[in-house]
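Worksheet: the structure to be examined is printed underneath.
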Amino acid sequence: MSRSERVIVETVTTPPADRRFAVSLFSRLRTAKGQANPFPIYAELRSRGAVAAAPWGGHLVTGFDVCDQVVRSRDWLEPDARWREQQGDGTRWTAPSSREMSRTLPALNPPEHTWVRRSAGLFDRGSLDEIRGMTERFTTKLLDNLAERLHDGEADLNDLVAEELPVAVIGHWLGLPPADYPRLRELTHDQVFTQELLPSASQLALSDAATAELRRYFTDLVRLRRARPGDDPVSRWIKVWDGMESDQDKADEAVYFLALFVLLAALETTTTLLSTTVLLLLDHPRQWDRLTVQPDLVPAAVEESLRYDPPTHVISRVSSRDCELGGVEIRKDEMVHLLVGAAHRDPAKHEDPELFNMHRKPAHLAFSGGIHYCLGAPLARLEAQTLLHQMVTRFPQLTLVRRPDWAPRVAFRRLLNLDVTLA
Ligand code: HEM
């Protein structure tokens with residue numbers, strides 16, 4: 001029996017009919033076809049109520065207000081190191097990659113979370129202004145490249161632009177050598193499996209190997225920056241942590257976890273936002289055309305993309321006590337999976353939720369909420385807005401050549417290609 005199958009068998013508490021329904025639903029969702037359009041599957045799940053039992057134990061939440069309530073409440077905790085250890089050896093939660101993730105910022109709970117988050121000090125207005133010019137330059141360069149390819153016919157915008165911009169921006173900000181970018185991107189694609197909803201044993205093995213390589217890479221980086229501090233975030237974190245922690249090894253370890261997580265958090269998610277936003281607009285040519293004449297609507301288009309199909313479809317929490325959620329009883333330490341991709345289409349929250357409409361100014365949970373609200377949201381928005389702004393100005397005639405392919409995942413959306421041409 002594989003590790004992931006064992007997890008399912010060990011923790012089942014759901015009535016057989018519900019379990020069968022949810023199992024068939026998730027096997028559809030985890031395919032490339034399911035990822036190309038997961039929303040009808042979410043609608044089926046929602047028809048069972050805002051909170052439904054998950055086949056492997058725990059609960060699936062599709063109601064927007066309930067998801068919002070959970071991310072904002074202190075009664076719900078991240079599945080931290082203590083919780084993961086309780087799940088026992090041989091489960092996905094004690095895989096080396098999961099243990100490593102349990103020490104990064106989004107897996108911490110207060111009080112540790114509070115001081116680590118404060119130490120990160122990411123992206124205030126001043127630092128964002130510095131990054132803005134660099135983001136604009138990188139975007140222009142990548143679009144020059146795209147223009148050259150389009151001159152000869154079609155081009156893969158995902159590969160040429162969406163995969164490149166986030167690593168160029170975060171790599172430059174962290175002061176990493178550009179020669180390392182392709183490897184860092186590959187490692188991130190593998191590492192993310194440990195954060196997936198139901199990783200298979202082989203996916204976990206890939207994630208474990210990627211995590212080990214990333215540990216070597218970023219511990220070396222911290223060592224180098226300690227020896228030769230510069231004007232960069234890693235050197236600044238070393239200074240901050242030296243003021244908080246008298247043991248230098250522990251300070252360096254804390255800086256390593258910050259650098260590691262910032263890279264992991266910044267790559268796939270932003271890439272997916274960039275390509276999904278372009279895809280949605282090419283699928284809605286009237287709105288694309290409108291942007292070409294009214295580019296001040298670009299921020300609104302990015303927000304609607306974040307609602308309509310966010311890069312992360314699942315956020316998980318565990319209950320700190322026995323409670324009731326959306327009319328369902330939940331026991332202490334049980335997990336809830338907030339299916340934010342589904343919650344964003346909740347008709348109780350948004351009118352005509354299946355309609356992509358950049359004029360709606362939507363509430364969304366793409367960047368979570370409460371104390372774990374994404375620290376990189378301003379940067380992700382900056383990249384998406386910069387790209388879209390330049391694209392509608394330079395390529396008003398852009399069209400889609402064929403439907404793109406999606407990676408077979410559930411939590412972290414990933415487009416594999418986005419083939420475009422000039423009409
Ligand atoms: C479109 C792009 C992005 C999306 C959709 C996204 C999404 C998220 C979500 C959903 C969370 C919260 C997870 C939870 O509640 O458990 C989160 C946390 C976080 N994100 Fe992002 N993110 C994006 C880009 C970035 C970037 C570019 C960075 C950094 C450069 C970043 C850094 C972080 C950090 C440090 C946290 C942890 C916050 C905490 O736990 O206190 N993210 N992100």
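Note that ligands are numbered from 1 as they come in the structure, with each ligand's atoms numbered from 1 the same way. This one's a predicted model, so the numbers in the text were calculated from it and none came from an experiment.
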How does [X] reach ligand 1, if at all, at less than 4.0 Å between non-hydrogen atoms: by side chain, backbone, both, or neither?
X	answer
Val71	neither
Leu105	both
His372	both

Begin with the C-alpha distance, continue with both residues' side-chain angles, and end with the deciding distance and a verdict on side chain to side chain contact (heavy atoms under 4.5 Å, CB included) for Leu365 and Val71.
CA-CA 9 Å; Leu365 298 168; Val71 292; 4.2 Å; yes
Output the list of atoms in ligand 1 that are nearer than 4.0 Å to some heavy atom of [X], sorted by atom number.
X	answer
Leu273	1 (C)
Ile315	10 (C), 14 (C), 15 (O), 16 (O)
Ala366	5 (C), 7 (C), 10 (C)
Ala380	1 (C), 2 (C)
Ser368	10 (C), 12 (C), 14 (C), 15 (O)
Ile371	41 (O)
Glu78	14 (C), 15 (O), 16 (O)
Pro311	1 (C), 5 (C)

From [atom], work out which of [options] has a heavy atom at the shortest distance.
atom	options	result
atom 42 (N) of ligand 1	Pro310, Pro79, Cys374, Ala120	Cys374
atom 3 (C) of ligand 1	Thr269, Thr277, Leu365, Leu338	Thr269
atom 36 (C) of ligand 1	Phe412, Trp173, Phe367, Phe261	Phe261

[X] ring center near [Y] ring center (under 6.0 Å):
X	Y	result
His313	Phe412	no
His372	Trp76	no
Trp237	Phe257	no

Distance-only polar pair, side chains of Tyr308 and Asn357, donor-acceptor under 3.5 Å
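Tyr308 vs Asn357: no donor-acceptor pair found between side chains.
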Side-chain donor/acceptor of Glu196 to backbone N/O of Pro199, under 3.5 Å
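Side chain of Glu196 to backbone of Pro199: no pair is present.
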Backbone of Arg331 reached by a side-chain donor or acceptor of Glu334 within 3.5 Å
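Yes.
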Residues Arg409 and Glu268 bridged, charged N to O under 4.0 Å
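Here Arg409 pairs with Glu268 in a salt bridge, since their nearest N and O are under 4.0 Å apart.
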Tell me whether His113 has any N or O atom under 3.5 angstrom from an N or O of ligand 1.
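It does: an N or O of His113 is found under 3.5 Å from an N or O of ligand 1.
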